[in-house]
Amino acid sequence: MSIVVTGATGALGRLVVDALLATVPAGEVVAVVRDKEKAAALAARGVELRIADYDRPESLAGAFRSGDRVLLISGSEVGKRVAQHTSVIDAAKAAGVAQLAYTGVLGGPDADFTLADEHKATEQLILDSGLPYTFLRNGWYTENYIANLAPVLEHRAVLANAGEGRVASATRADYAAAAAAVLTGDGHLNTAYELSGDTAWSLAEYAALLSELTGEEIPYKNVPAAAHQEVLVGAGLPEGFAAILVDVDEAIGRGRLAGTSGDLARLIGRPTTPLAETVRAALPAA
């Protein structure tokens, strides 16, 4: 039996492998990757590589073994993920894996925003497969905001259409630790976890934090959805992806990413990483 991580060279996958290697011997960990060269650092740490591609179902035939515990990290190509995930699920079922964990979205079947659609469809496919499952319904990543820090600091404004909604974000490392916990522990089969940070914060509070840490006045500017869409497209984002982000902000305004179940902290055995800690570490040195 091995612990298998798909998408292991991605931003989340690498952190899951790190968390696993802190717990189990490297010989028990397998990374499913598309590019062997990109995964050379994992191989150097003793992790077994299995080469496969979500878009090539035939390549997935050798990705899993009977009794494996598998983490399916959702694909990054919105619009293609149901087909990609179907290929992984089919291969996992054919191999007879002992557990299929999946990184979905906070709220599961109750999530009512566009980005959740493929996650909900994937969860249903896994249920229909009959495989023992663990649903890791990840909330918003704090890094989603940190990645946009440069233009926020340049223009001295946090721009969104989320109103007074709140976000219970956590870091990728927090979510990765939870994935490692369910892959190495017992009692997690046929269970869904609603994963989010311990504290929900508003974008006005985020702007105030940035102002405090930088010594600059950085307000939160709530704008209509259409205006936000126009700004994002003007900044170079594809129109479809910009529409998804605007839709997520609308969901935040409805409270869809504010849930604080405590599941994440319980799984990782510690508090989730505070927003201020992540922001402080991401700010450029004075």
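What you see below is based on every heavy atom in this structure, not just the backbone, and it leaves out hydrogens, waters and symmetry mates. This one's a predicted model, so the numbers in the text were calculated from it and none came from an experiment.
Here CG of Leu127 is found 4.0 Å from CZ of Phe135. Values are rounded to the nearest 0.5 Å. Considering CG of Leu283 and CD1 of Ile146, their distance stands at 7.5 Å, rounded to 0.5 Å. Between Arg166 atom CZ and Leu203 atom CG the span is 10.0 Å, to the nearest 0.5 Å. Here the CZ-CG distance, from Arg256 to Asp249, works out to 15.5 Å after rounding to the nearest 0.5 Å.
Using modelled atom types, one side-chain atom of Arg69 and one backbone atom of Leu183 make a donor-acceptor pair closer than 3.5 Å. Formation of a donor-acceptor pair under 3.5 Å by the Asp247 side chain with backbone atoms of Thr114 is found in this model. Between the side chain of Glu118 and the backbone N or O of Arg81, at least one donor-acceptor pair lies under 3.5 Å. Although no hydrogens or angles enter the test, the distance criterion places a donor-acceptor pair under 3.5 Å between the side chain of Asp53 and the main chain of Asp55. The backbone N or O of Arg172 lies less than 3.5 Å from a partner atom in the side chain of Glu143, making a donor-acceptor pair. For the pair Lys36 (side chain) and Ile51 (backbone), a donor-acceptor distance under 3.5 Å is absent. At least one donor-acceptor pair under 3.5 Å links the side chain of Arg266 to the backbone N or O of Ser261. Remark: side-chain polar atoms of Ser211 are paired, donor with acceptor, to backbone N or O of Ile218 under 3.5 angstrom. In this structure, Asn190 contributes its side chain and Pro132 its backbone to no donor-acceptor pair below 3.5 Å. Of the possible donor and acceptor atoms, one in the side chain of Thr103 sits under 3.5 Å from a partner among the backbone N and O of Ser74.
The side chain to side chain contact (heavy atoms under 4.5 Å, CB included) search around Pro274 returns Glu277, not counting sequence neighbours. Scored by the side chain to side chain contact (heavy atoms under 4.5 Å, CB included) test, Val233 finds Gln229, Glu239, Ala242 as partners (sequence neighbours excluded). For Glu154, the salt bridge (charged side-chain N to carboxylate O under 4.0 Å, His left out) test picks out no residue, with sequence neighbours left out. With sequence neighbours excluded, the residues forming a side chain to side chain contact (heavy atoms under 4.5 Å, CB included) with Thr9 are Arg14, Val33, Lys38, Ala39, Leu42, listed by chain and number. Ala52 is linked by a side chain to side chain contact (heavy atoms under 4.5 Å, CB included) to Val32, Ser59, Leu60, Ala63, counting only residues two or more places apart in sequence or in another chain. Residues satisfying the side-chain hydrogen bond (donor to acceptor under 3.5 Å, both in side chains) criterion with Thr273, sequence neighbours excluded, are Asp174.
Tyr54 and Thr6 share a side-chain donor-acceptor pair at under 3.5 Å.
His188 and Tyr193 have perpendicular rings, their planes meeting at more than 60° on a 0 to 90° scale where under 30° would count as parallel.
Contact of the Lys221 side chain with the His155 side chain is not registered, since no non-hydrogen atoms from C-beta on lie closer than 4.5 Å. Proximity of Leu275 to Thr199: side-chain heavy atoms (C-beta onward) are nowhere separated by under 4.5 Å. The side-chain heavy atoms of Tyr206 and Val167, taken from C-beta on, include no pair separated by under 4.5 Å. The shortest distance between side-chain heavy atoms of Tyr133 and Leu189 does not fall below 4.5 Å. Counting heavy atoms from C-beta outward, Val82 and Leu125 have side chains that approach closer than 4.5 Å. Between Trp201 and Leu209, the closest side-chain pair of non-hydrogen atoms is not below 4.5 Å.
Partner of Leu195 under the side-chain contact (heavy atoms from CB on, under 4.5 Å) criterion, chosen from Leu106, Ile268, Leu267: Leu267.
A salt bridge links Asp112 with Arg254: at least one charged nitrogen is closer than 4.0 Å to a carboxylate oxygen.
Checked against the 6.0 Å centroid criterion, the rings of Tyr141 and Tyr175 qualify as a close aromatic pair.
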